[in-house]
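Step one of this worksheet: look at the structure below.
Computation of the quantities below employed the complete heavy-atom set of this structure, encompassing side-chain atoms and omitting hydrogens, waters and symmetry-equivalent molecules.
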Amino acid sequence: MNQREEGHLRIGELSQRTGISPELLRAWERRYGLLRPARSSGGFRLYSAADEARVRRMKVHLTQGVAAAEAARLAQRTTADESPTRSLALLRSELGGVLEAFDEAGGHRVIDVALDSFSIDAVISDLLVPYLDDIGERWARNEVTVAQEHFASNLLRARLLALGRGWDAGYGPRALLACPEGELHDLGLILFGVALARRGWRITFLGANTPLHTVIATARDVRPDAVVIAVTDPIYLTGVNDELAVLAGSNQLILAGRGTDGTAAAVGAELFDTDPVSGAERLAAAAP
Amino acid sequence: MNQREEGHLRIGELSQRTGISPELLRAWERRYGLLRPARSSGGFRLYSAADEARVRRMKVHLTQGVAAAEAARLAQRTTADESPTRSLALLRSELGGVLEAFDEAGGHRVIDVALDSFSIDAVISDLLVPYLDDIGERWARNEVTVAQEHFASNLLRARLLALGRGWDAGYGPRALLACPEGELHDLGLILFGVALARRGWRITFLGANTPLHTVIATARDVRPDAVVIAVTDPIYLTGVNDELAVLAGSNQLILAGRGTDGTAAAVGAELFDTDPVSGAERLAAAAP
Amino acid sequence: MNQREEGHLRIGELSQRTGISPELLRAWERRYGLLRPARSSGGFRLYSAADEARVRRMKVHLTQGVAAAEAARLAQRTTADESPTRSLALLRSELGGVLEAFDEAGGHRVIDVALDSFSIDAVISDLLVPYLDDIGERWARNEVTVAQEHFASNLLRARLLALGRGWDAGYGPRALLACPEGELHDLGLILFGVALARRGWRITFLGANTPLHTVIATARDVRPDAVVIAVTDPIYLTGVNDELAVLAGSNQLILAGRGTDGTAAAVGAELFDTDPVSGAERLAAAAP
DNA sequence: ATAGGTTTTGTCAAGCTTTTGTACAT
DNA sequence: ATGTACAAAAGCTTGACAAAACCTAT
């Protein structure tokens, strides 16, 4: 919902659409704060679709005999808790249920609902990352088979890579993404890529199990603005400090994953050990 | 993008095509940067097809009452903004904007984004069906021209039939799909076919304006597990009760479309008056 | 170019045929270089059939309102790239070119073109399999970096998994697909899955690097009609004969990949060592 | 609800240049 | 056939204008 509230209407059009006079619309804004229009450079009010909806609700309440001040409160409140059908927490457990039963259609359905109701950032942070953490833990406790984990990963990977299609297009800065040799789990890296692409970066994706020397060569080739190396376990960074240092020498190098602080300090890389969305946000905020 | 990136039109021709005066086109360029034409060696403006599409989108927004400055912003955004995921509701209004501006590339782009981000079921239920309902209503209110409706229908039909490619193959039960004589709108039927094919059924598609005796003959031939007759208006079912009864006698017959309950009861058919995806789900759930 | 360079028309005749005055034809030649007639010994212009076609295209563009200078450019250009369909062989080298340059958009474009003009089976057999073989060989000869191979694989995997979306739905027999532990290349397996799904089978996909004991457990769970284990190298089948035998005991087991004949014979599995499409066809033909 | 001032936006005009079909002289 | 000339049509830029729509404050 961070998005640009669009469809900017001027007061005359809103008046026509809703049947409320401009004067009254201004009065409702002043008296009850019902509307909070943007302004044009010259000062004209510019209303969003949400504003229009609020006015309509206000009208409904008025015709039901509610007093204006109260009607305005109701009209606003409804906006606030216009909470999408199901919470992401709920969807997370649903996702686990269907994926671990090898139910492909069910998996896609849950993701459809999530993407339609929430921003991608939210879906990543509050559905996918928690679910992946969760399945990882349960796998460690032997509550989930490798097959279930594979099935879930493959479905999610397919879905996320489809979301990422075209992430190399545009004009923004470019990031080169890879997991080092041995590291086979690239879902976190994909999540990071999707979140970063949302912020206007272009992504060149090398994926799991990529020897660092080839990352170095590719970096020379595509000249990225940042190189991101992600691991799920610091073990995959043993013995590659030299190569990391080379990368850090000629690029902004980011190490993502828990337990990588030591290595990051040693080779002169930045450390990102939080969730993918925060990481993407942090990188984008410091953009060139 | 190898396509006619050019097709350079001069301002008079663009004016004729779009119905916007040359002066105004220049003003929009100067004031909002809506157009960025190339120039001939002598300084004449040379507009591309993308420019033309942008002008058309601008017009659409203007007729919807959006102020010129904002309309220009919206008209530009859809082309420029490759942003990955939006909600299906948002995509719906974008789809309307581009299709009603006769912007073919834009239409495909919106559908691409939708299919990348959501499953086909969701795209049908929450993007295409609502959009078709919407354009139907606005057509009834004379807010959309026949040409716009035709353009949109044809683009969507082509796209959906491509999705349906190969829907006759496989192992599942078979459905025979047709609209009766006089009924020219088969998009709903195609949507139903796509949703049903995704559930493993094989589809034999006869399409719009098919006399029922032809359907009867075909049903004898291919022996479908279900025959689906869809209409947008019950008027197309007048005077064919006998033929429908024949169909219902030897097949599972389904009538789809609002206002068909009377006929369905009279001839012994099942009534499906909800959206295509639910209908397909219902039929598939009751599978042989 | 060797073509009937003849048909030599003089300017009067060309004028009559095209309805363009001789003066104007000469003007177009002088001003835009639209025509490049041969000359008779006496200096008369002698036009070829290509010239005539160019004039006709020029006329078409003019009636569409394109300015003369631009119409001439278009009329000439269209001649040049009049290559409607490219062969899959040609597309293969294009695909290599773009993917190995880390050009994501280009990769998708090539695949779009291929899928637009050819069946999925053909695209698999004559574009993707040959390309993957090719890149494999060049990788072995160190002509391709690991990064290039990873980039290409990830893009193709994303695209193919998108094609496979929903492959678990329907009524057909079910196949359980996996690569054994250690085997990280699952693209061939995905190709097989796509080809099989096109034939009405349902797919449960476990993907690369899946220990066989978990495949056994999953097979008990989802009761597939066939289990497909694919490798790129028989080395990944060492030491798992017992588990394969268990699988073969309670399922139709298929081993896919070159060099697996020994193992297949030993454990009682079927051997598929041809391309994915033939394999899928063979399995589907012997369907329950 | 009105008054008095501002912004937005479509339109027009003046003076000059480019484009393009046709005509004419050699 | 060639080259030049020409004039109508179409465009360009700058600047300005006025009606409609909107603002705030009373």
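A salt bridge links A:Asp168 with A:Arg174: at least one charged nitrogen is closer than 4.0 Å to a carboxylate oxygen. Using a cutoff of 4.0 Å between basic side-chain nitrogens and carboxylate oxygens, A:Glu52 and A:Arg17 are scored as salt-bridged. With salt bridges taken as basic N to acidic carboxylate O contacts below 4.0 Å, none links B:Arg138 and B:Glu149. Using a 4.0 Å cut-off between a side-chain N of Lys or Arg and a carboxylate O of Asp or Glu, B:Asp112 and B:Arg109 do not qualify as a salt bridge. Contact check on C:Glu29 versus C:Arg26 returns no salt bridge, with no Lys/Arg side-chain nitrogen under 4.0 Å from an Asp/Glu carboxylate oxygen. In this structure, B:Asp116 pairs ionically with A:Arg165, as a charged nitrogen and a carboxylate oxygen lie closer than 4.0 Å.
Rounded to whole Å, the distance from CG on B:Leu14 to C1' on E:dG11 is 14 Å. For A:Arg10 and E:dA21, the CZ to P distance is 9 Å, given to the nearest whole Å. Counting to the nearest Å, the P atom of D:dG21 and the NZ atom of C:Lys59 are 13 Å from each other. Going from atom CD of C:Glu29 over to atom C1' of E:dG3 covers 13 Å, rounded to whole Å. Atom CD in A:Glu13 sits roughly 15 Å away from atom C1' in E:dA20 (whole-Å rounding). Note: CD (B:Gln16) to P (E:dA9) measures 15 Å, nearest angstrom. Separating the CZ atom of C:Arg30 from the C1' atom of D:dT20 is a distance of 11 Å, rounded to the nearest angstrom. If you take NE2 of B:His8 and P of E:dA10, they are 21 Å apart, rounded to a whole angstrom.
At least one side-chain nitrogen or oxygen of B:Trp28 sits closer than 4.0 Å to the OP1 or OP2 atom of D:dG10. In this structure, C:Tyr32 reaches the D:dT20 phosphate: one of its side-chain N or O atoms is under 4.0 Å from OP1 or OP2. When the side-chain nitrogen and oxygen atoms of B:Arg39 are compared with OP1 and OP2 of E:dT13, one or more of them lie within a distance under 4.0 Å. Phosphate proximity of D:dT7 to A:Ser41: absent, as no side-chain N or O sits under 4.0 Å from OP1 or OP2. Residue A:Arg45 has a polar side-chain atom (N or O) positioned under 4.0 Å from OP1 or OP2 of E:dC23.
The side chain of A:Phe44 approaches E:dA21 more closely than any other nucleotide in the set E:dA21, D:dT19, E:dA1. Taking the side chain of B:Ala27 as heavy atoms from C-beta on, and the options D:dT9, D:dT11, E:dT13, the nearest nucleotide is D:dT11. Relative to the side chain of A:Ile11, the nucleotides D:dT9, E:dC22, D:dG10 differ in distance, and E:dC22 lies closest.
The base of D:dG10 sits within donor-acceptor range of the side chain of B:Arg31, with an N or O pair under 3.5 Å.
Here B:Glu23 pairs with nothing under the salt bridge (charged side-chain N to carboxylate O under 4.0 Å, His left out) rule; sequence neighbours left out.
Contacts between residues 18-25 of chain B and DNA chain D, defined by a heavy-atom separation below 4.0 Å, involve B:Ser21, B:Glu23, B:Leu24, listed by number.
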